[in-house]
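Both counts, for ligands and for their atoms, begin at 1 and track the order of listing. Starting from 1, each residue takes its place in the sequence as its number.
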Amino acid sequence: MNFRIDSVVLHHVRMRLKAPFETSFGVELDRDCVILEVRSEGLTGWGECVAGSFPGYSYETTDTAWHILKDFLIPAVFEAPLASPADLTTRYGAYKGHPLARAGLELALWDLQGLASRRSLADILGVDRQSVPVGVSVGIQPTAAVLLDTVQAYVDQGYPRVKLKIKPGRDIEEVTLVQGAFPWLPLQVDANSAYSLDQAPVFEEMDELGLLLIEQPLGEDDLLDHSLLQARLRTPLCLDESIQSLRHARQALEIDACRVINIKQARVGGLTEAIAVHDLCLAHGVPVWCGGMLETGVGRAANLALAGLPGFQLPGDVSASDRYYAQDIAEPAFHLAQDGTIEIPTGPGLGINVLKDELAAVTLRKEVLRM
Ligand code: SMG
Ligand code: MG
């Protein structure tokens, strides 16, 4: 199959979150991202680049991604037809970094491939599940009372596992509080790299709480320190920011820097690399789960399909659409079922329909790039 890419429309969107989302690196009230509309021979594929408004989670921002897409990656796809989404890796050639920008464009090509072949993304990936178990990620809350109310509300909605965001000074006490109130609830924490190895005693104390996992406690470039920390704990460490490629995953497993991996297709530069990380972990018996970047319905559809692969053994941060936005830019909305799962879309490609009016309503700037 050959794709000749005729044009790409970039949309910088800003969507108001239902509630502010606070992590160790800052608070987000709005979610910025770039929506990509890629036209190829009468078909339109959609992608989402999850780089946000400030370099908190990643060095990439919506503006850097826009620049990289417009000036380098998109011109590279205009050069000649592509045989498959995986072809992008060679097409990008010597360009370094910017995985979030790459992944956004790659996603639109997967959508196109599905549309052209009338197959769902899940089907193309060889997924045989109909739905995937999900959890919810709870940001740092203003007070203990609000934290308990927030968790209660998600539990009432049926989320079977909760992730708590932590940072120095806002950790053990809050986790203990939630655990005391919901002793049966599977809990995990995410520090977004806010600690250093000399704070290991915090995690040794946390080790007693029987958490599912501790996500990204140390720096993104601290693989070695994660392995030193893991050696002091029974609770599995899970890496997020540190794993930006298959090579990182292999090296992390080799030095026991983590025992679980959070896979985000965006963070590793696209679905192709995400599948490679999944396959490596599956071969090593290392459980993975699907991370989230507060995606719109576009990115969420891809996450649901990816999370259907057999190595995804833990609930993902792929919550229902109504966890995030009052009005999404794509339909259908994804709903939490009574058994704590969300259905994987079955329509061709991503299986979604982008709502042009809703998209226009949240678009700050738009640019059409032609071959
Ligand atoms: O999409 O539900 C979601 C958010 C999940 O906590 C979440 N993501 O480090 O894992 C993580 C954070 C990054 C969010 S930055 C916008
Ligand atoms: Mg994380």
Q: Give yes or no for whether the N/O distance cutoff of 3.5 Å, strictly under, is met between D190 and ligand 1.
A: yes

Q.
When you measure from the heavy atoms of K163 to every atom of ligand 1, does any distance fall below 4.0 Å?
A. yes

(Q) So that I can tick it off, tell me whether E60 and R267 are bridged by a salt bridge, with the cut-off set at under 4.0 angstrom between side-chain N and carboxylate O. (A) no

Q) Should E254 and R250 count as an ion pair when the cut-off is N to O under 4.0 Å? A) yes

Q) Looking only at distance, does S137 have an N or O less than 3.5 Å from an N or O of ligand 1? A) yes

Q. Considering only heavy atoms of D240, which atoms of ligand 1 have at least one such atom less than 4.0 Å away?
A. 9 (O), 10 (O), 11 (C)

Q. Would you call the rings of W66 and H12 parallel, tilted or perpendicular, where under 30° means parallel and over 60° means perpendicular?
A. tilted

(Q) Check contact between R323 and ligand 1, using heavy atoms of the residue and a distance below 4.0 angstrom. (A) no

Q. Going by the order shown, which atoms of ligand 1 are within less than 4.0 Å of some heavy atom of E215?
A. 10 (O)

Q. If you look at D240, which of its N/O/S atoms is nearest to the Mg ion (ligand 2)?
A. OD2

Q.
Can you name the atoms of ligand 1, numbered from 1 with element, that are less than 4.0 Å from a heavy atom of D317?
A. 1 (O), 2 (O), 3 (C), 5 (C), 6 (O), 7 (C)

Q. Which of the atoms of ligand 1 are close to E28, meaning less than 4.0 Å from one of its heavy atoms?
A. 16 (C)

**Q.** Sub-3.5 Å N/O-N/O distance, F25 and ligand 1
**A.** no

**Q.** N-O pairing of K165 and D171 below 4.0 Å
**A.** no

Q: Taking only Lys NZ, Arg NE, NH1 and NH2, and the carboxylate oxygens of Asp or Glu, determine whether E37 and K356 approach each other closer than 4.0 Å.
A: yes

Q) At what distance is the nearest protein heavy atom to atom 1 (O) of ligand 1, and which residue and atom is it? A) L294 N, 2.7 Å

Q: Determine, for K163 against D190, whether the closest basic-nitrogen to carboxylate-oxygen distance falls under 4.0 angstrom.
A: yes

**Q.** Contact check: D317 to the Mg ion (ligand 2), N/O/S below 2.8 Å
**A.** no

Q | For K264, the ligand 1 atoms whose distance to one of its heavy atoms is below 4.0 Å | A | 9 (O), 10 (O), 11 (C), 12 (C), 13 (C)

Q. Relative to the Mg ion (ligand 2), which of the N, O or S atoms in E215 is the closest?
A. OE2

**Q.** Electrostatic pair D6:R370 at N-O distance under 4.0 angstrom
**A.** no

Q.
Taking distance alone, with N or O pairs closer than 3.5 Å, would you say K165 contacts ligand 1?
A. yes

**Q.** Atom of C238, atom of L213 and distance for their closest heavy-atom approach
**A.** CB-CD1, 3.7 Å

**Q.** Side chain, backbone, both or neither: the part of N192 lying under 4.0 Å from ligand 1 by heavy atom
**A.** side chain

Q: State whether E22 and K167 are salt-bridged, where the test is any N-O pair (Lys NZ or Arg NE/NH1/NH2 against Asp/Glu carboxylate O) under 4.0 Å.
A: yes

Q. Step by step, would you call V9 with E367 a side chain to side chain contact (heavy atoms under 4.5 Å, CB included)?
A. CA-CA 6 Å; V9 189; E367 190 165 343; over 6 Å; no

Q.
If you count every heavy atom of other residues, nucleotides or ligands that lies below 6.0 Å from D71 atom CG, does the total exceed 12?
A. yes

Q) the Mg ion (ligand 2) is nearest to which N, O or S atom of D190? A) OD2

(Q) With a 6.0 Å cut-off (strictly less than), is the heavy-atom count around NZ of K18, excluding the residue itself, greater than 12? (A) yes

Q | Protein contact of atom 3 (C) of ligand 1 - nearest heavy atom, named by residue and atom, plus distance | A | Y324 OH, 3.4 Å

Q) Do any N/O atoms on G292 end up under 3.5 angstrom from N/O atoms on ligand 1? A) yes

